[in-house]
Amino acid sequence: MIEISLKNIKKSYGFNNILENISFEIKTGDKVGIIGDNGCGKSTILNIICNKEMQDSGIISIRNKSNIGYLNQNLDIINKEYTVQDIIYENVKGISEIEKKMKLYEKKMINNPNNINIINKYLNIQDKFINIGGYKVNTLIEKVMHGLNIDKFINRKFNELSGGEKKRVLLASLIIKKSNILILDEPTNHLDIETLEWLEKFLNTFNGTFIITSHDRFFLDKVTNKTILIEDGKAILFNGNYSYYLKQNELRIEKEYKNYKDQQKIICAMKKKIKQLYEYGKLAYPGGEKFFKRAESIRKRLNKLELINKPKEKKDFPINLLFENRSGKDVLKIKDYDLYIQNKLLIANINVNIYNGDKVCILGNNGCGKSTLIKNIINNCSDKIKLGSNIKIGYIPQQISFNNNQTILEYTRNFYIGDITHLRSSLDKFYFSNDLVFKKINNLSGGEKVRLKLFELINNKCNFIILDEITNHIDVDTKEILEESLIDFKGTVLFISHDRYFINKLANKVLYINNNKINEYMRNYDYFKSHKNTSK
């Protein structure tokens with residue numbers, strides 16, 4: 001049964017055509033991942049499906065009685081007084097109101113145990129509560145709140161929460177709503193691995209249909225059975241998960257390129273034949289009319305040809321990580337160090353050794369102290385934290401901010417060695433071309449900020465790179481370029497990430513923070529996962 005159908009959907013913003021001709025169908029039980037470069041229109045498609053935006057043309061059909069639950073990327077709530085509890089129960093207000101009446105009559109029965117009228121009213125309210133699934137909903141709420149670790153901040157105001165906490169609350173509210181279709185726009189951003197794994201289990205047992213946009217390749221592999229690639233304003237369907245898409249898309253591009261080359265050969269041969277026939281016709285004058293007719297016949301066939309566009313070659317920007325001076329063998333030593341924040345112990349008795357060439361990932365739940373530890377390393381704030389000799393640190397934080405509001409061009413001139421012509425040429429390779437170099441740095445998107453910081457890091461030629469969750473803001477293609485660059489990097493990398501695909505590709509050591517302690521695991525995420533429960 002078709003749940004959602006899009007046919008020839010077009011959408012523009014001014015002169016910028018985002019969606020050219022989007023057509024696809026979502027059937028009952030489909031688990032769909034929508035992928036594509038940043039800005040390709042993934043969120044726009046979801047907004048159109050959920051009636052948050054209108055298409056310029058085309059038809060969208062949604063099956064009658066479908067109940068859609070939508071999670072968008074905007075984590076703010078208009079009512080600033082809303083608590084977490086308000087949002088969790090927002091979709092089950094009727095049930096919670098009846099439950100309040102039940103509790104009121106429970107108190108009345110305690111004070112009036114023999115009042116038949118009160119008992120009968122309580123039983124009537126209880127029957128209504130049972131019939132609308134009140135006890136089941138309460139069980140679900142408890143399960144979801146525990147699974148997403150929301151219990152501890154249930155009474156806090158929503159807008160005071162961190163990005164990860166907000167995402168967990170909105171996910172919980174959506175799950176409790178019990179929609180048969182879920183539309184999830186970047187649900188994995190800001191989530192720690194424990195929460196990601198819980199969400200994966202939920203989606204794998206979810207009986208309905210869902211559409212997800214995500215840059216988390218590991219997550220997409222786990223939960224999806226179809227993949228839709230948005231490319232050049234069009235949708236291309238692959239009947240499998242992300243890994244299936246990778247293989248099939250490569251074959252598709254090879255086939256398209258072969259078809260393009262074959263057609264170009266045919267076109268070239270037809271043009272050559274037309275030219276040849278015209279020359280024969282001129283030589284055969286006055287009896288050359290038959291050559292001219294044959295030439296015109298071929299020209300008409302040529303004009304009717306449906307031209308195959310040359311497949312778009314991926315434009316990679318060069319992340320060539322080099323450094324001027326090699327560090328010593330010992331890059332970082334932390335011995336018997338206790339990490340505190342505002343007198344609260346985060347991690348006790350830290351003992352860590354990082355050596356030249358290591359690629360080390362710090363893992364742990366949100367709030368366990370990962371970013372605080374990195375900041376303390378960078379600031380060298382204790383004699384128990386010792387950096388090795390000849391260390392030059394390059395750091396990209398989780399929340400990238402700038403101390404001024406210069407343009408991209410002004411900002412990069414502070415560290416770029418070379419004239420402005422070469423600088424603009426280099427910026428163009430990082431997708432900062434033409435007038436974009438005059439954009440104020442405080443107005444950049446998350447992905448643009450990461451690219452600018454990467455450009456700065458490359459030009460500073462550091463031998464110890466520290467990255468805090470930068471994979472949250474970049475698309476898959478950029479992640480893959482960054483992965484390969486960091487793998488080839490001859491220096492040392494210390495990074496925080498919840499992107500398991502990224503960790504598997506890069507890490508040769510995992511530092512796992514749990515219960516105020518750090519445990520060390522050699523190798524990548526898969527090794528850590530298989531040995532985590534056996535560690536003391």
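Position 1 is the first residue of the sequence; numbering continues from there.
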Does [X] use its side chain to pair, donor to acceptor, with the backbone of [Y] at less than 3.5 Å?
X: S5; Y: S61; answer: no
X: D86; Y: T83; answer: yes
X: T213; Y: E186; answer: yes
X: K31; Y: G208; answer: yes
X: N519; Y: Y512; answer: no
X: S530; Y: D526; answer: yes
X: N516; Y: A348; answer: no

Under 6.0 Å from the [atom1] atom of [X], do we count more than 12 heavy atoms belonging to anything else shown?
X: D127; atom1: CG; value: yes
X: I130; atom1: CD1; value: yes
X: N207; atom1: CG; value: no
X: K7; atom1: NZ; value: no
X: K177; atom1: NZ; value: yes
X: D435; atom1: CG; value: no

Would you indicate whether the side-chain heavy atoms of [Y] and [X] approach each other to under 4.5 Å?
X: N149; Y: D192; answer: no
X: T139; Y: K143; answer: no
X: N8; Y: I59; answer: no
X: L6; Y: I49; answer: yes
X: F218; Y: K222; answer: yes
X: I503; Y: F528; answer: no
X: Y105; Y: L123; answer: no
X: I496; Y: Q398; answer: no

Let me confirm one number: the [atom1]-[atom2] distance from [X] to [Y], rounded to the nearest 0.5 Å.
X: L506; Y: Y501; atom1: CG; atom2: OH; answer: 13.5 Å
X: L321; Y: E484; atom1: CG; atom2: CD; answer: 12.0 Å
X: L467; Y: Y395; atom1: CG; atom2: OH; answer: 9.5 Å
X: N405; Y: Y411; atom1: CG; atom2: OH; answer: 12.5 Å
X: K359; Y: I487; atom1: NZ; atom2: CD1; answer: 7.5 Å
X: D56; Y: K10; atom1: CG; atom2: NZ; answer: 9.5 Å

Where [X] and [Y] come nearest, the two heavy atoms and their spacing:
X: Q55; Y: I60; answer: NE2-CG2, 3.6 Å
X: L71; Y: L171; answer: CD2-CD2, 3.8 Å
X: L454; Y: L482; answer: CD2-CD1, 4.0 Å
X: K370; Y: I513; answer: CG-CD1, 3.9 Å
X: I88; Y: A172; answer: CD1-CB, 3.5 Å
X: F219; Y: P187; answer: CE2-CG, 4.5 Å

**Request:** Answer yes or no: is there an ion pair linking E456 with K453, defined by an N-O contact shorter than 4.0 Å?
**Result:** yes

Any salt bridge linking E448 with K439? Criterion: basic side-chain nitrogen under 4.0 Å from a carboxylate oxygen. yes

Could you check whether the rings of F202 and F206 sit parallel, tilted or perpendicular, using 30° and 60° as the cut-offs? tilted

query = Which class fits the ring pair H531 and Y527: parallel under 30°, tilted 30 to 60°, perpendicular over 60°?
reply = parallel

Side chain to side chain contact (heavy atoms under 4.5 Å, CB included) with K167: of L199, L191, L148, only one passes, and it is L191

Would you please say whether a donor-acceptor pair under 3.5 Å links the side chains of [X] and [Y]?
X: S12; Y: N17; answer: yes
X: N504; Y: N524; answer: yes
X: N47; Y: T44; answer: no

Review point. Mind checking whether F502 and F495 have ring centres under 6.0 Å apart?
Key: yes

Atom pairs and distances, side-chain donor-acceptor, residues 229-239, under 3.5 Å, sequence neighbours left out:
from, atom 1, to, atom 2, distance (Å)
E231, OE1, R252, NH2, 3.3
D232, OD1, K312, NZ, 3.4

Tell me, with the steps shown, if I4 and T209 meet side-chain contact (heavy atoms from CB on, under 4.5 Å). CA-CA 10 Å; I4 299 170; T209 304; over 6 Å; no

Sequence neighbours excluded, the answer for side chain to side chain donor-acceptor pair (under 3.5 Å) partners of Y337 is N376

Sorted by chain and residue number, the side chain to side chain donor-acceptor pair (under 3.5 Å) partners of T227 (sequence neighbours excluded) come out as none

_Before you tell me yes or no, could you show the steps for N241 and T224 under side-chain hydrogen bond (donor to acceptor under 3.5 Å, both in side chains), namely the whole-Å CA-CA distance, both residues' side-chain angles and the distance that decides it to 0.1 Å?_
CA-CA 5 Å; N241 64 8; T224 61; 5.7 Å; no

The single option from D499, T471, D216 that satisfies side-chain hydrogen bond (donor to acceptor under 3.5 Å, both in side chains) with K479 is D499

